[in-house]
Engineer: 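Sending over a structure as structure tokens; questions will come in a sec.
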Amino acid sequence: MTTKRDLERRLKLIFQYMSSGQHQGSWGMDIDHWDWVPGVGVISLMEYGTAAGADEVIDYLLLWVNRNRHKAAGVQVINSLAPFALFPELYRRTGDTWFLSKAEEIAGWILESAPRTREGALEHTVTEAVDFPEQIWADTVYMAVLFLARLAGLNGERRLAEAALEQTLLHLRLLQDPGTGLLFHGWNCREGSHMSSARWARANAWITLAVPEIVAEIQAMVPVPEELFNRYRRLAAALRQTQGAGGLWHTVLDRPDYVLETSASAGIACGFMKAVKGGLLDASYLESAGAALQAILPLIGEDGEVQGVSGGTPVMPTIEAYNEIERYPALYGQGLVMQLLTEALILHDSPKSIGSAEYTGTTE
């Protein structure tokens, strides 16, 4: 059993490890870039800083944006949009209109210029010198659609809410396996296939984590169809069935002989907590989330490093290739674990607000 004090201690350790200057030049841990890897990291820091009332974390994020804002003027691709998800909350806190105007500029690019597949889904584009024409990846929902929903929640623009809903539904429709309810990593619109057809754990985590917040941000502006809730609940039920006995998920969900993966497990468990809080799932899912939390805690070193995180993973040519991805510390792994611990902290402080099932993840 984990105490609230231990959660707070571990969150501080993870923050210190993420913000340390020792990681310069490391692809996975150098936070001073404008791309998805540091983007997931700073999104997670914002969630922690806001929930814990940690002013030093918010101050760090403001310094981070000021230090790296010139890099936001680079080539616009889906993966590089992740850091902009900070901007709505930073605008609320500071009143600095640059945050709002820049966010609206980026949203305009997504709505009007970002490449789309023939189905109308956002094509997954990256900063690396490689193209994935007419491919959609589950990652996009977290890296770009979440930002649209947050900005809609800030400025009340219905067209942003509609776009966030449309993209979420398109990704669920194109990626969800009708047989299992799990999500495939990607969809190739030219080929009409899921390529290697891997039910990759972190792909499922991105959407499991993003959907509850997207719904919370947009549901006052647009009616959310029952299809979205049904698809999400089917996904969650399938994920619960594939959870390993020890609490973690395997890097390919339906391959129990494959390695267990920390970042995906944290993202799925955190998504379950957010979904219970938002009414998308019943409180029984807290048991699965608590099991994952208990399995992840020993993977956090005393220096704050999160272990068992797989490296950057494009849609691989074979399912077997997913089990060969190198594992090393990465900001998205640190961040997803930070988000899980943050939600556990919130849950500890207000357990009655998200259901009647007993949550056994933390004690006083």
Side-chain angles (χ1 to χ4, degrees), residues 27-28 36-37 40 77-79 115-145 167-168 170-211 231 234-236 238-239 241-244 248-268 271 308-328 330 332-333 336:
W27 179 87
W36 75 276
V37 176
V40 176
V77 298
I78 289 299
N79 261 0
R116 280 173 165 69
T117 69
R118 61 195 66 190
E119 298 94 344
L122 290 167
E123 183 181 293
H124 192 77
T125 50
V126 299
T127 52
E128 292 85 359
V130 61
D131 294 323
F132 304 102
E134 287 222 62
Q135 289 187 22
I136 76 162
W137 296 8
D139 314 44
T140 297
V141 176
Y142 194 86
M143 306 307 163
V145 181
Q167 290 299 320
T168 302
L170 278 170
H171 280 75
L172 283 169
R173 289 168 182 164
L174 292 170
L175 295 174
Q176 192 159 35
D177 177 10
T180 66
L182 298 171
L183 303 177
F184 294 108
H185 188 173
W187 168 257
N188 188 314
C189 303
R190 287 182 178 177
E191 299 176 358
S193 77
H194 293 106
M195 296 170 280
S196 58
S197 296
R199 299 167 184 89
W200 181 49
R202 199 157 63 225
N204 284 257
W206 293 131
I207 290 183
T208 303
L209 183 57
V211 166
R231 286 185 177 277
R234 184 149 190 254
L235 167 61
L239 286 169
Q241 290 175 357
T242 58
Q243 186 173 16
L248 301 180
W249 279 268
H250 297 270
T251 193
V252 176
L253 293 165
D254 53 352
R255 292 298 302 263
D257 53 325
Y258 280 22
V259 297
L260 297 164
E261 209 282 324
T262 307
S263 66
S265 299
I268 292 167
V309 176
S310 62
T313 309
V315 178
M316 301 299 286
T318 65
I319 290 177
E320 289 72 24
Y322 284 84
N323 201 38
E324 299 169 4
I325 298 292
E326 185 181 358
R327 291 187 288 172
Y328 47 77
Y332 51 84
L336 291 172

Engineer: Which pair of heavy atoms, one from H124 and one from I78, lies closest together, and at what distance?
Structural biologist: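 Minimum heavy-atom separation between H124 and I78: ND1-CG2, 4.1 Å.
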Engineer: Can you find a pair of side-chain heavy atoms, one from H250 and one from R255, that are under 4.5 Å apart?
Structural biologist: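 A side-chain contact is absent here, since even the closest heavy-atom pair is not under 4.5 Å.
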Engineer: Considering all heavy atoms of both residues, which atom of E320 and which atom of Y258 are nearest to each other, and what is their separation?
Structural biologist: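 Residues E320 and Y258, closest heavy atoms: CA-OH, 3.3 Å.
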Engineer: Between R231 and R173, does the side-chain contact (heavy atoms from CB on, under 4.5 Å) criterion hold? Intermediate values first, please.
Structural biologist: CA-CA 8 Å; R231 286 185 177 277; R173 289 168 182 164; 3.8 Å; yes
Engineer: Please find the pair of heavy atoms, one from H185 and one from A203, that lie closest to each other, and give the distance.
Structural biologist: CA-CB, 3.9 Å
Engineer: So which heavy atom on G333 is nearest to which on S263, and how close?
Structural biologist: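 Looking at all heavy atoms of both residues, the shortest contact is CA-CB, 3.9 Å.
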Engineer: Does the side-chain contact (heavy atoms from CB on, under 4.5 Å) test come out yes or no for L170 and I136, once each step is laid out?
Structural biologist: CA-CA 10 Å; L170 278 170; I136 76 162; over 6 Å; no
Engineer: Verify side-chain contact (heavy atoms from CB on, under 4.5 Å) between L182 and T242, making sure each step is shown before the conclusion.
Structural biologist: CA-CA 10 Å; L182 298 171; T242 58; 4.2 Å; yes
Engineer: Which distance, rounded to the nearest 0.5 Å, do you find between the CG of L253 and the CD of Q241?
Structural biologist: 11.5 Å
Engineer: Out of the candidates T251, V259, V309, only one should pair with R327 under the side chain to side chain contact (heavy atoms under 4.5 Å, CB included) rule; please name it.
Structural biologist: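 In the set T251, V259, V309, the residue that makes a side chain to side chain contact (heavy atoms under 4.5 Å, CB included) with R327 is V259.
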Engineer: When rounded to the nearest 0.5 angstrom, what distance separates CG in L183 from CD in Q176?
Structural biologist: 5.5 Å
Engineer: Starting at OG1 of T125, measure out to CD of Q135 and round the result to the nearest 0.5 Å.
Structural biologist: 11.5 Å
Engineer: Which residue in the set H194, H171, E119 passes side-chain hydrogen bond (donor to acceptor under 3.5 Å, both in side chains) when paired with W187?
Structural biologist: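 Single side-chain hydrogen bond (donor to acceptor under 3.5 Å, both in side chains) partner of W187 among H194, H171, E119: E119.
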Engineer: Look up atom CD1 in I268 and atom CH2 in W249, then write down how far apart they are to the nearest 0.5 Å.
Structural biologist: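 Answer rounded to 0.5 Å: 5.0 Å.
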Engineer: Starting at SG of C189, measure out to CZ of R118 and round the result to the nearest 0.5 Å.
Structural biologist: 6.5 Å
Engineer: Drop me the distance from E324's CD to T313's OG1, to the nearest 0.5 angstrom.
Structural biologist: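 Rounded to the nearest 0.5 Å, the CD-OG1 separation comes to 12.0 Å.
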Engineer: Determine, step by step, whether V126 and W36 satisfy the side-chain contact (heavy atoms from CB on, under 4.5 Å) criterion, reporting the C-alpha distance in whole Å, the side-chain angles of both residues, the deciding distance to 0.1 Å, and the verdict.
Structural biologist: CA-CA 9 Å; V126 299; W36 75 276; over 6 Å; no
Engineer: So, for S197 and I319, which heavy atoms are closest and what is the spacing to 0.1 Å?
Structural biologist: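 Smallest heavy-atom distance, with atoms named: O-CD1, 3.9 Å.
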Engineer: Quick check: closest heavy atoms across P317 and S196, and the distance to 0.1 Å?
Structural biologist: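 In this case the closest contact between P317 and S196 is O-CB, 3.7 Å.
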Engineer: Name the orientation class of the two ring planes belonging to Y332 and W206 (parallel below 30°, tilted from 30 to 60°, perpendicular beyond 60°).
Structural biologist: perpendicular
